[in-house]
Structures are given as C-alpha cells and as structure tokens.
Amino acid sequence: MRKPLVAGNWKMHNTLEEGRTLIAGIKAGHVPDGKVEVLVCPPFTLLYPLSTELEGTDIKLGAQNVYCEEKGAFTGEISPVMLKAAGCSYVIIGHSERRHVLGELGDLLHRKVRVALAAGVDVIYCLGETLEQREAHRTEAVVEQQFTEALGDDVDPRRVVLAYEPVWAIGTGLTATPEQAQAVHAFLRAKAMGIWGREASDNLRILYGGSVKADNAASLMTCPDVDGALVGGACLRAESFLAIVGAAADSV
Ligand code: PGA
C-alpha cells in the first residue's frame with residue numbers, strides 16, 4: 001500500500017513573512033492524520049527558518065534544487081549536506097523548469113540524484129514530455145530516456161519518488177486527463193519493475209504534476225498508479241493546498 005505524497009513546489013515565490021503565513025495556514029487546516037505525506041518545498045533562503053515552524057508537525061520540508069557536489073568552490077550553489085542540515089528530507093531534481101529554463105541535462109541530474117541520496121536527502125525526480133513531443137507520439141520514449149539517464153539499479157528505489165509532469169500542463173491551466181496520466185504512470189511503473197523488480201516498483205510512488213487544483217485532484221488521485229501530486233500554483237494558498245491533500249487522503 002503506497003502512502004500518497006502531496007508536495008508543494010513554491011518555486012520562486014514568498015518572502016519569509018509570506019512563507020510563515022502560508023505555513024501557519026497549512027498548520028491551522030486539517031491535515032488528515034497519517035494518511036498522506038505532506039511536503040513543502042520553499043526557496044532556499046526560507047528552508048531553515050521554516051524548518052523551525054514545522055517542528056512538532058508531520059509536514060516535511062524539501063528543496064527545489066541541489067548541486068551535485070558535497071562542498072567546494074561552486075559559487076552560488078547549495079549542497080545536499082547543507083539541505084540536510086537545514087531540515088530537508090527531500091529535494092526535487094529534474095524539474096522541467098531546471099531542464100528547459102536553466103538547461104540542466106541528464107548527466108548533471110544523474111550526479112545530483114546520487115549525491116543527494118548519499119547525503120541522506122530523498123529524491124523527487126521529475127520527468128515529462130513537451131507538447132511537441134506528445135503530438136509526435138514520443139511521450140513514452142522521452143520519459144523512458146529521462147528515467148534511465150538519471151536512475152538505475154545503483155539507486156535505492158525506496159528513497160526515490162517519481163513525478164510525472166507533462167511540460168505542457170505546468171502552469172498553463174491545462175491538466176492531463178486521468179487517462180493520460182494513468183497511461184504514463186503505468187508505463188513508468190513497468191519501467192521501474194524492469195530495473196528494480198516487482199516489490200520495489202509496487203512500492204514506488206509516482207506523483208502527477210501540472211496544474212493540479214482543488215477541483216481536478218480527486219479525479220487524478222483515483223487513478224491506480226497516481227500516488228499523489230506535485231503542486232505548483234495551487235500550493236501558494238493554504239486552502240487550495242489543503243484541499244488537494246484532502247483529495248489524496250480520500251483516495252486511500
Ligand atoms: P503547476 O506547477 O501546478 O503550477 O502547474 C507544477 C510544478 O511545476 O511542479
């Protein structure tokens with residue numbers, strides 16, 4: 001039985017005061033006991049101060065990015081050891097904005113995954129096709145390549161969560177239909193089985209991301225291979241984030 005994970009990717013939003021207000025709103029709302037894992041991923045500068053706000057709650061803290069070295073002369077970068085020390089249990093790697101806006105390629109992501117896991121930070125690894133790739137019927141080939149370029153049998157599958165995020169659905173208001181999401185999630189789970197075996201693939205959580213909102217979360221979460229959501233825009237308000245957490249709890 002996979003416990004759903006609902007992760008809020010704050011992206012480059014919120015000052016410390018705004019972040020504190022958002023966390024207070026989430027804490028004040030109803031987070032169903034133990035049924036869903038809830039994660040917030042604020043910008044780097046908010047991680048440590050917000051970790052103290054989350055003490056004593058079940059809400060976990062994650063980062064949106066990491067560098068592929070533990071320490072050294074890498075001006076402007078943040079290492080997974082620093083994320084761990086700031087209270088992070090997860091880091092998002094391979095988000096489409098990092099791939100497409102910042103130009104991150106498979107080789108770098110491969111290294112990031114391993115160095116994050118070595119530092120004790122679990123990985124949410126994102127993959128997904130562009131609209132052009134979908135229309136050219138290349139969705140499976142694209143996500144398969146993204147999977148194999150960064151993950152493999154040297155990676156502990158119990159410490160990895162996949163997030164299928166079709167690029168055309170991120171921040172656009174377009175959402176994959178439950179059927180479209182389910183098809184890719186089932187494909188990814190089969191791929192995971194080929195690498196890690198049945199038990200690991202049965203336990204692997206695969207999140208959907210891309211314009212998940214309070215009103216479409218329930219239909220996505222009922223898909224057998226959708227195990228939660230990576231939420232952008234709708235995580236910036238406590239009310240809509242909590243509604244998605246609630247939908248995940250109801251799907252269990
Ligand atoms: P969105 O972002 O919910 O605003 O589409 C999702 C993501 O980029 O993780």
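Start at 1 and go down the list; that is how both ligands and their atoms are numbered.
Assignment of K11 to the shell around ligand 1 is supported, since a heavy atom sits closer than 4.0 Å. Put simply, no part of A163 is less than 4.0 Å from ligand 1, judged by heavy atoms. Between G210 and ligand 1 there is a heavy-atom distance shorter than 4.0 Å.
Close contacts of ligand 1 with G171, meaning ligand atoms under 4.0 Å from a residue heavy atom, involve 1 (P), 4 (O), 5 (O). For ligand 1, the atoms closer than 4.0 angstrom to any heavy atom of S211 are 1 (P), 3 (O), 5 (O). Remark: ligand 1 atoms within the under-4.0 Å shell around heavy atoms of N9 are 9 (O). Of all atoms in ligand 1, numbered sequentially from 1 with element shown, those under 4.0 Å from a heavy atom of H95 are 7 (C), 8 (O), 9 (O). Close approach to A169 involves these atoms of ligand 1, each under 4.0 Å from a residue heavy atom: 5 (O).
Here the protein heavy atom with the shortest distance to atom 7 (C) of ligand 1 is E165 OE2, 3.1 Å. Looking from atom 4 (O) of ligand 1 to the surrounding protein, the closest heavy atom is G233 N, 2.8 Å. Nearest non-hydrogen protein atom to atom 3 (O) of ligand 1 is G232 N, 2.8 Å.
Between I26 and T57 the shortest side-chain heavy-atom distance does not fall below 4.5 Å. Looking only at side-chain heavy atoms (C-beta outward), R158 and N203 stay at 4.5 Å or farther from each other. For the pair S79 and Y67, the minimum side-chain heavy-atom distance is 4.5 Å or more. With a 4.5 Å cut-off on side-chain heavy atoms, F241 and L22 do not count as touching. Using a 4.5 Å heavy-atom cutoff, the side chains of K71 and M82 are not in contact.
Side-chain atoms of E132 and W168 form no donor-acceptor pair, as typed in the model, at a separation below 3.5 Å.
Ligand 1 has no nitrogen or oxygen under 3.5 angstrom from a nitrogen or oxygen of G209.
Applying the salt bridge (charged side-chain N to carboxylate O under 4.0 Å, His left out) test to pairs two or more places apart or on separate chains, those with a residue in residues 178-190 are R189-D225, R189-D227.
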Output side-chain donor-acceptor pairs under 3.5 Å for residues 118-128, partner residues at least two apart or in another chain, one line each.
| unit_1 | atom_1 | unit_2 | atom_2 | d |
| --- | --- | --- | --- | --- |
| D122 | OD1 | R159 | NE | 2.6 |
| D122 | OD1 | R159 | NH2 | 3.1 |
| Y125 | OH | R99 | NH2 | 2.8 |
| Y125 | OH | Q146 | O | 2.6 |

